[in-house]
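Counting starts at 1 for both ligands and their atoms, in listed order.
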Amino acid sequence: MNRPSLYFTDEHELFRQSVRQFIQKEVVPHTEEWEANRRIPVSIFQRMGELGYLGLPFPEAVGGTGADFWYSVVFLEELARCGMGGFTTAVSVHEYMAVNHIFKTGSNLLKEKYLRPAIAGEKVAALAITEPDAGSDVSAIRTTALRTDTGDEFIINGAKTFISNGTYGDFVTLVVKTKAEAGMNGISLVVVDLDSPGITRTKLNKIGWHSSDTAEIRFDDVRVPVENLIGQENMGFYYLMESLQLERLVAAVMAVSGAQLALDWTLQYLNEREAFGKKIGKFQAIRHKIADVATEIEMARQFVYHTCWLFTQGEVVVKECSMAKLATSEMQKRVVDTCLQFFGGYGYIEDYPIARAYRDARVGTIAGGSSEIMREIIAKIVVDAVAYKPVYE
Ligand SMILES: Cc1cc2nc3c(=O)[nH]c(=O)nc-3n(C[C@H](O)[C@H](O)[C@H](O)COP(=O)(O)OP(=O)(O)OC[C@H]3O[C@@H](n4cnc5c(N)ncnc54)[C@H](O)[C@@H]3O)c2cc1C
């Protein structure tokens, strides 16, 4: 029996059941294989496309389902309950980060050529911001897209790194400099087919998120038609800043759900494992830690839901999204560490999912904007009273 909710209706809960079943039947059984292969198969994107899961945040006009944002929250929560940070990342980057800009400001041509097949799961998308020499400081990127003399093509040169879906993806929303020396006012977004001549992709070896494919991508004189520009030239930085709110909210929703999953596994183990003639869940030292963990998760969840609600009201939620990303990624790291402790030696053995959760949680405070950068943003708002305005006004 569901408790009453300010946010979720019975329909949302029915949808939750169907996503949970899908994850349990069609994702979880492949965990070992996908983690070992360091990627997820294209067929799972196609299957999720068929089920309508990849079109949740988009209207029917572009092939989406036109569902309200709470369906996305449910979907992301259930996605994170697969217990495989790599899978969760591959799907959430594809759906909530890489094609967002095409939907918001892209031409109809780009929507038909890239967004529609991405929603159908026929093409896999990546978003490339980070470079070997520029991560947190986006305005310092060096990859250039310069127009040819005839003006109908860009020629792209540079390198990106840590790009999720980068090795096997079909296209990338690429962040480039279109005006040298103009800092944040010279950045644009361009869609690039990842099989274009001049592109070299190298897979990176990570300590966690094994089933996600993370790549370094080099661009040597890669030619792209000017029609692949997303929105207005030199407005890319502002588009990125706006979409980071959603990206951070998505990360926060998944971090809370991932922490809850680690707690659920731990609660089960506390009821199975015995020491000194009783279940370990009866030791007060453990019970009190578990009480702290459960409290941390619940507090985080309610703040994230509140931020989601503000987001659905069209509010500028830079402060809340940054707080949510900071608090939940740090919380997930602490929670998983505490939970692993109660598995004793088994927590350190690969066969136990808590070991994977421990490796996977580590990157949460780095990727998608580090904790230090979140604190910088929050401090600007709280200490310097900086106010952010909507980009699309
Ligand atoms: C597994 C994985 C997947 C990723 N996926 C993608 C992707 O799909 N697309 C993409 O574009 N990027 C992706 N990233 C990149 C990620 O977003 C960056 O790693 C992150 O933004 C940090 O950038 P950096 O690694 O260059 O660190 P740096 O910016 O070099 O920072 C190094 C350290 O300095 C700190 N620091 C930097 N500036 C400040 C400051 N002003 N004040 C205080 N401390 C500061 C940072 O917090 C960090 O601790 C991914 C990364 C990983 C590890």
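- For atom 20 (C) of ligand 1, the closest non-hydrogen atom of the protein is I366 O, 3.5 Å.
- Looking from atom 2 (C) of ligand 1 to the surrounding protein, the closest heavy atom is W209 CZ3, 4.0 Å.
- A distance-only check finds a donor-acceptor pair linking the side chain of R201 to the backbone of T167 [under 3.5 Å].
- Considering only non-hydrogen protein atoms, atom 12 (N) of ligand 1 sits nearest to T130 OG1, 2.7 Å.
- Checked by atom type, the side-chain pair S139/D137 shows a donor-acceptor distance below 3.5 Å.
- Side-chain contact, Q260 with D264: a donor N or O sits under 3.5 Å from an acceptor N or O.
- Atom 34 (O) of ligand 1 lies below 4.0 Å from none of the non-hydrogen atoms of the protein.
- Donor-acceptor pairing under 3.5 Å is lacking for the side chains of T365 and E330.
- Taking every non-hydrogen atom of K206 and a distance limit under 4.0 Å, the qualifying atoms of ligand 1 come out as 1 (C).
- The nearest protein atom to atom 49 (O) of ligand 1, hydrogens excluded, is given as E372 OE1, 3.5 Å; this is a heavy-atom distance.
- If you check the side chains of H12 and D68, you find a donor sitting under 3.5 Å from an acceptor.
- For the pair R223 and F154, the NZ or CZ position fails the cation-pi test of under 6.0 Å to the six-membered ring centre and within 45 degrees of the ring normal.
- Annotation: atom 17 (O) of ligand 1 to nearest protein heavy atom, G368 N, 3.2 Å.
- Of all protein heavy atoms, the one lying nearest to atom 26 (O) of ligand 1 is G135 CA, 3.1 Å.
- Between atom 31 (O) of ligand 1 and the options S370, A367, S136, A379, the minimum heavy-atom separation is to S136.
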Derivation and outcome, side chain to side chain donor-acceptor pair (under 3.5 Å), residues T65 and E60
CA-CA 5 Å; T65 50; E60 288 171 19; over 6 Å; no
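- Taking only nitrogen or oxygen atoms, main chain and side chain alike, A128 does not reach within less than 3.5 Å of ligand 1.
- Within ligand 1, the atoms closer than 4.0 Å to a non-hydrogen atom of I129 are 10 (C), 11 (O), numbered from 1 in the order shown.
- Using modelled atom types and a 3.5 Å distance limit, the side chains of T178 and S188 yield a donor-acceptor pair.
- For atom 53 (C) of ligand 1, the nearest non-hydrogen atom from the set V172, I207, V363, I373 comes from V363.
- Of the protein's non-hydrogen atoms, S164 N, 3.0 Å is the one closest to atom 8 (O) of ligand 1.
- Against a heavy-atom cut-off of under 4.0 Å, I163 is close to the following atoms of ligand 1: 7 (C), 8 (O), 9 (N), 10 (C), 11 (O).
- Counting only heavy atoms of the protein, atom 6 (C) of ligand 1 lies nearest to F162 O, 2.7 Å.
- A donor and an acceptor atom, one from each side chain of Q17 and E13, are nowhere located under 3.5 Å apart.
- A donor atom on one side chain and an acceptor atom on the other are found under 3.5 Å apart for T143 and E131.
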